[in-house]
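Notes to accompany the following structure.
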Amino acid sequence: MTSILELLKRLFGRKLFNLEWLRILFRRSLKFPVSFPTAGWETLPADEKIEEEQMEAVLEENCYLPVDIGDILLSRYQVAGKLGWGTTSTVWLVRDLEMNDYMTLKIFSHDMLADEESVFYDKIKQGNQQHLGSDRVRTKVAELEIIRLKIFKHLAILQEPLGESLLDIQNRSVGERLDKLSIQSAIYQMLLALDYLHTECNLIHGDIKGDNIFQEIGDKTRLDRYVQAEIEHPSARRIEFAYTTYRSRSLEPASQLGRIQLGDLGSAHPGDAPRNGQPFQPPLYRAPEVMLEKEWNYPADIWNLGIWAWGAFEGSRLFPLEGNDDAYYTTTHLAYITGLLGPPPPDFIEPDTISAKYFDKDGNWIVEGCEVHTTSFEDLEKHLEGKDKEMFLDLMKGMITWRPEDRKTPRELIEHPWLQGIFWPPGCYRTTE
């Protein structure tokens, strides 16, 4: 092998020679297209609803594209495994047979107009690529169109594969929480991502949570092993009416947290236009200005990041709301916020608006039957001590405030003392300048 490497270096020149490209050439052990098993998998019980089956209305209307592992889509992309799903899409690991490389294919349901999300990815690609946050946000490689039965059109977005999500890492960690170095790295990298989205792309992400933040792959032989695992131990599934529902298969975990990317622009909005009263953000991460139907913009992302980071580090929610989205109540949420932050500033309350349901003109809580229980960041934080705790809470207080204008910007937060002086993954730096 050494002699081959030296020969190629002499032929192509050391400056132009790409060793990683050669490693890719030599390391591929699997031949594609692959013949996947036609039997031998676990059949899921009929009474167990999994993954996209939970979206009964979408399934009943045949909105998801039926995909089987082993399929070759558009005569080019062989489906190698199911990575996940969402309310509007399913996500698959595919092999590009022309380029001989792995990709991720996010396939939207046929009733989903995902053009706007695709346009947002275009804006991300057109931003200043010298900005240090440009590679902390996931991009698209291409946009594809899949036609089913000549009448159903499915938009699909082709992307570079990423590893497990931070939610996966958190769930398998001790205490189901990220340790200090991991959360510092995650916050820092997400601030780089938000600074890029806000200042270079004029986009509000709107859905910052652990299952939308992903590890970069690093060692791509993990993808070969993923496919080998699918061949040797086919994914559990259920086949009904020509539609196969697979249980998603995760990639093998990385040994430590490294470079991460913020993905999923399905909830994104342009930030160059004011918005009032429009539903926005997952309820658990919803900013107070959104709940009170006030004008919201980029600072809503800062609130969102702060609430997620607190829960990921502490292993418990800052506002312990129970139940799913259907059982979510704005009243309870605002009561928790009031208990932590105190009454909202009077200038944040607008008479003759929805605010009057919860607060009087001085910001006092007026909802009967829903009490406000006073607490503090200091009482709720359980894992740090002394100066370390003080700095962490100062960081959180710069993100979690009633008034959006009181929140720090990503660029200001990047320079916070609690995020300095630690080891960063390669490619991450201490300044956006």
Side-chain angles (χ1 to χ4, degrees), residues 54 165-180 182-184 186-187 190 206-213 267 279-293 296 299-344 348 354-355 357-359 363-385 389-390 392-404 406-407:
Q54 299 171 56
S165 73
L166 291 202
L167 180 62
D168 294 327
I169 296 173
Q170 182 182 341
N171 287 341
R172 63 179 173 80
S173 299
V174 176
E176 296 189 358
R177 53 179 294 270
L178 300 180
D179 61 34
K180 177 187 168 183
S182 294
I183 199 65
Q184 285 175 312
I187 293 173
M190 288 303 95
D207 196 9
I208 304 165
K209 54 186 181 180
D211 44 352
N212 283 340
I213 305 172
S267 298
F280 182 60
Q281 299 179 303
L284 292 174
Y285 304 110
R286 194 163 289 163
E289 64 268 26
V290 178
M291 286 186 273
L292 295 176
E293 299 181 6
W296 50 262
D301 271 346
I302 299 301
W303 174 281
N304 187 168
L305 177 61
I307 299 299
W308 167 77
W310 180 281
F313 180 55
E314 296 297 326
S316 59
R317 296 172 181 169
L318 185 59
F319 306 122
L321 300 159
E322 300 295 334
N324 56 28
D325 290 1
D326 294 331
Y328 168 80
Y329 295 101
T330 297
T331 301
T332 305
H333 198 169
L334 287 170
Y336 277 124
I337 295 173
T338 303
L340 177 66
L341 301 182
F348 187 70
I354 192 175
S355 301
K357 292 174 54 178
Y358 309 103
F359 306 99
N364 298 309
W365 184 255
I366 60 173
V367 180
E368 295 184 4
C370 182
E371 295 184 19
V372 168
H373 299 283
T374 302
T375 186
S376 68
F377 286 101
E378 288 74 12
D379 290 340
L380 295 174
E381 204 293 307
K382 305 296 184 184
H383 300 285
L384 298 172
E385 295 180 350
K389 179 170 182 172
E390 181 182 326
F392 171 68
L393 295 185
D394 185 70
L395 175 68
M396 291 293 104
K397 291 175 184 178
M399 304 170 79
I400 302 171
T401 68
W402 277 112
R403 288 186 295 207
D406 292 339
R407 291 172 213 148

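Residue numbers count from 1 along this sequence.
- A donor-acceptor pair under 3.5 Å links the side-chain atoms of Trp365 to the main chain of Cys370, judged by distance alone.
- The CG atom of Asp207 sits 7.0 Å away from atom CG of Asn304, with the distance rounded to the nearest 0.5 Å.
- To the nearest 0.5 Å, the span separating CZ on Arg317 from OH on Tyr285 amounts to 7.5 Å.
- Legend: residues meeting side chain to side chain contact (heavy atoms under 4.5 Å, CB included) with Thr375, ordered by chain and number and at least two apart, are Leu340, Asp379, Leu380.
- Distance check: Arg403 CZ to Leu341 CG gives 12.0 Å after rounding to the nearest 0.5 Å.
- Legend: residues meeting ring pair (Phe, Tyr, Trp, His ring centres under 6.0 Å) with Trp308, ordered by chain and number and at least two apart, are absent.
- Note that the CZ atom of Phe392 and the CH2 atom of Trp310 stand 5.5 Å from one another [nearest 0.5 Å].
- Relative orientation of the Phe359 and Trp402 rings is perpendicular, given thresholds of 30° and 60° on the angle between their planes.
- Surrounding CD of Glu378 are more than 12 heavy atoms belonging to other residues, nucleotides or ligands, all under 6.0 Å away.
- Of all the heavy atoms in Glu289 and Pro299, the pair that sits closest is OE2-C, 4.3 Å.
- Of the possible polar contacts, one joining the His383 side chain to the Glu314 backbone as a donor-acceptor pair under 3.5 Å is found.
- Side-chain atoms of Trp303 and Val290, non-hydrogen and from C-beta on, never get closer than 4.5 Å to each other.
- The shortest side-chain heavy-atom distance between Glu381 and Phe313 falls under the 4.5 Å cut-off.
- Annotation: side chain of Phe319 is not in contact with side chain of Leu334 (no heavy-atom distance under 4.5 Å).
- In this structure, CE on Met396 lies 10.0 Å from CG on Asp394, to the nearest 0.5 angstrom.
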Output, in order, the C-alpha distance, side-chain angles, deciding distance and verdict of side chain to side chain contact (heavy atoms under 4.5 Å, CB included) for Leu167 and Lys209.
-> CA-CA 8 Å; Leu167 180 62; Lys209 54 186 181 180; over 6 Å; no

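- Checking side-chain atoms of Arg407 against main-chain N and O of Ile302 turns up no donor-acceptor pair under 3.5 Å.
- No side-chain heavy atom of Phe348 sits under 4.5 Å from any side-chain heavy atom of Pro343.
- The CG atom of Leu318 lies 11.5 Å from the CG atom of Leu284; values are rounded to the nearest 0.5 Å.
- For Lys382, there are no side-chain hydrogen bond (donor to acceptor under 3.5 Å, both in side chains) partners, not counting sequence neighbours.
- Put simply, the side chain of Asp168 gets close to the backbone of Ser165: a donor and an acceptor are under 3.5 Å apart.
- Side-chain contact between Asp301 and Ile208 is present, with at least one heavy-atom pair separated by less than 4.5 Å.
- When all heavy atoms of Pro344 and Gly363 are compared, the pair lying nearest together is CD-O, 3.3 Å.
- Under a 3.5 Å cut-off, the side chain of Gln170 and the backbone N or O of Glu176 do form a donor-acceptor pair.
- Side-chain contact between Leu395 and Ile187 is present, with heavy atoms from C-beta onward closer than 4.5 Å.
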